[in-house]
2 protein chains.
Amino acid sequence: MSVKERKERDRAARERLILATARELAEQQGWDAVTTRRLAERIEYSQPVLYSHFRGKREIIGAVALEGAAELAAAVRIAAAGAEGPRERVAALARAYLAFAERNPAVYDAIFQLDGGLAFAREDTPEPLKDAFAALLENLAEVAGDGVHPGLFTEVFWASLHGLATLTRAGRLPPAETESRVQLLVGRLAVV
Amino acid sequence: MSVKERKERDRAARERLILATARELAEQQGWDAVTTRRLAERIEYSQPVLYSHFRGKREIIGAVALEGAAELAAAVRIAAAGAEGPRERVAALARAYLAFAERNPAVYDAIFQLDGGLAFAREDTPEPLKDAFAALLENLAEVAGDGVHPGLFTEVFWASLHGLATLTRAGRLPPAETESRVQLLVGRLAVV
DNA sequence: CTCCCTTGTCTAGCGCTGCTAGAATCGTGG
DNA sequence: CCACGATTCTAGCAGCGCTAGACAAGGGAG
């Protein structure tokens, strides 16, 4: 039975290769450049091999998004854990979130902008997505303020960060004053 | 010379028809369904005619976006003008903005999500886009708070609205509590 | 060791996309 | 009424996501 196991290992490795390659290509040249032909060529297999791992391009984007969501959650938790006091914790969280979006634009797009066939804000929402929201909630609940539902506060705070991230990335906001915007946002939204 | 004038009129009318049709098709079935073939068929001309008006699909999206930005600016101004007091003015502005995004999702996408080849936050930014920002600024400056640059405040407020709009539309936020989120956002950000 | 058969991979192709060159047609001024 | 210039159309290119069916490779049985 060792033969079967080896094949399964190889298959899993190839799946990781596909995702890593898709992500790399997307970060280098944007998701539009991630065509099934180019992706197949880079992993040195033919196109149909991709379809033996994923239902289609959208599912590949979705898989990259889930990876990214886990990383985003980790980045947020690490940043928040390294800060003293509620105010600084929230500011650190905000900076970490925006830094992730700036450093991994393609992955951020996969999570929040593109259609990766993922369900959100529902019961069947994949675990990494729920966990990313949880990572925000954990650190934001303490500054939601009296009588304000922590979940609702987290949604609003998250939406604001998302707006800053996307508008900055799309060139809609000049990137120079990002820190000023974070200061303003945290100062106003967080109740310390 | 009346012949030439008539031709120019006809041409301008056809250009409006193209844009109206593109917009209608996008709102009905999404921008993915707006292909040059379908668009040409709907206006009862062949594909190349589109290219005698616009450089390509992206420019059509951009033109729809400019139309939409003007409407968004008008909607914001009307809503704000009809409200009493700074606090209510800002709340009305926020609701009007989100309502526009919800009622014209394809147009909102054209303005802020898709690549319409438009320049933002620069000198050569098209007038309607500058004006839409100005419409926000006009009504938000009074609640920016002491020592806070109105432009910066407007950017942050706008980003928050944009985040709420896009996340709600993409199913990332449950639409039920939109009003609660607006209340929270306005209550915290606006200094009255 | 050889043969068969399953499993996995590839070649080739479908219908679609945005876009364009060159043919054909239309309408106007002489 | 005709010729010419502007306008519009037909037809086609390269590339897209995706898939059917041909083909090859490699393990298990005899």
Side-chain angles (χ1 to χ4, degrees), chain A residues 1-19 21-23 25-26 28-65 106 109-110 114-118, chain B residues 1-19 21-23 25-26 28-65 106 109-110 114-118:
Chain A
M1 278 296 105
S2 139
V3 172
K4 192 177 174 186
E5 284 171 17
R6 193 201 65 215
K7 288 197 174 181
E8 280 171 10
R9 266 203 318 276
D10 289 354
R11 210 182 140 72
R14 194 172 62 182
E15 189 156 315
R16 284 194 300 274
L17 175 64
I18 292 173
L19 292 180
T21 307
R23 179 170 174 169
L25 194 50
Q28 284 172 357
Q29 305 176 232
W31 278 106
D32 279 354
V34 184
T35 70
T36 54
R37 281 174 179 76
R38 256 194 285 263
L39 188 49
E41 194 185 0
R42 286 228 185 172
I43 64 167
E44 296 182 309
Y45 281 93
S46 66
Q47 274 178 293
V49 166
L50 299 175
Y51 292 86
S52 76
H53 288 269
F54 303 96
R55 285 174 169 278
K57 190 184 171 179
R58 120 182 335 210
E59 205 168 85
I60 294 176
I61 295 173
V64 171
D109 282 351
L114 303 176
D115 178 13
L118 302 175
Chain B
M1 279 300 102
S2 138
V3 171
K4 192 177 172 185
E5 285 171 18
R6 193 202 65 217
K7 287 198 175 181
E8 280 171 10
R9 267 204 318 276
D10 290 354
R11 208 183 141 72
R14 194 174 60 183
E15 189 157 316
R16 283 193 302 274
L17 175 63
I18 292 172
L19 292 180
T21 307
R23 179 171 173 168
L25 194 50
Q28 283 172 357
Q29 310 180 38
W31 277 106
D32 279 353
V34 184
T35 70
T36 55
R37 279 174 180 78
R38 257 194 285 264
L39 188 49
E41 194 185 1
R42 286 228 183 173
I43 63 168
E44 296 181 309
Y45 282 93
S46 66
Q47 275 177 291
V49 166
L50 299 175
Y51 292 86
S52 76
H53 288 268
F54 303 95
R55 288 175 168 277
K57 189 184 173 181
R58 121 182 337 209
E59 206 168 85
I60 295 176
I61 296 173
V64 171
D109 282 350
L114 302 177
D115 179 13
L118 303 175

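A note on names: the letters A, B, ... follow the listed sequences, proteins ahead of strands, and every chain is numbered from 1.
Using a 4.0 Å heavy-atom distance criterion, A/Arg11 is classed as making no nucleic acid contact.
With sequence neighbours excluded, no residue forms a side chain to side chain donor-acceptor pair (under 3.5 Å) with B/Glu41. Residues that satisfy the side-chain contact (heavy atoms from CB on, under 4.5 Å) test with B/Ala12, not counting sequence neighbours, are B/Arg16. Partners of A/Leu114 according to the side-chain contact (heavy atoms from CB on, under 4.5 Å) rule, which considers only residues two or more places apart in sequence or in another chain, are A/Trp31, A/Ile61, A/Asp109. Partners of A/Ile43 under the side-chain contact (heavy atoms from CB on, under 4.5 Å) rule, at least two apart in sequence or in another chain, are A/Leu17, A/Ile18, A/Thr21, A/Tyr45, A/Leu50.
Following rounding to the nearest Å, B/Phe54 (CZ) and C/dT20 (P) show an atom-to-atom distance of 15 Å. The distance from atom CG of B/Leu39 to atom P of C/dC19 is 12 Å, rounded to the nearest whole Å. Between the CG atom of B/Asp10 and the C1' atom of D/dA6 there is a distance of 14 Å, rounded to whole Å.
Listed by first and then second residue, the side chain to side chain donor-acceptor pair (under 3.5 Å) pairs that reach into residues 48-57 of chain A are A/Arg14-A/His53, A/Glu15-A/His53, sequence neighbours excluded.
The neighbour count for A/Glu44 CD, taken as heavy atoms of other residues, nucleotides or ligands under 6.0 Å away, does not exceed 12.
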Across nucleotides 10-18 of chain C, 5' to 3', mark each nucleotide with B, S or - according to how protein heavy atoms within less than 4.0 Å reach it.
BB-B---BB

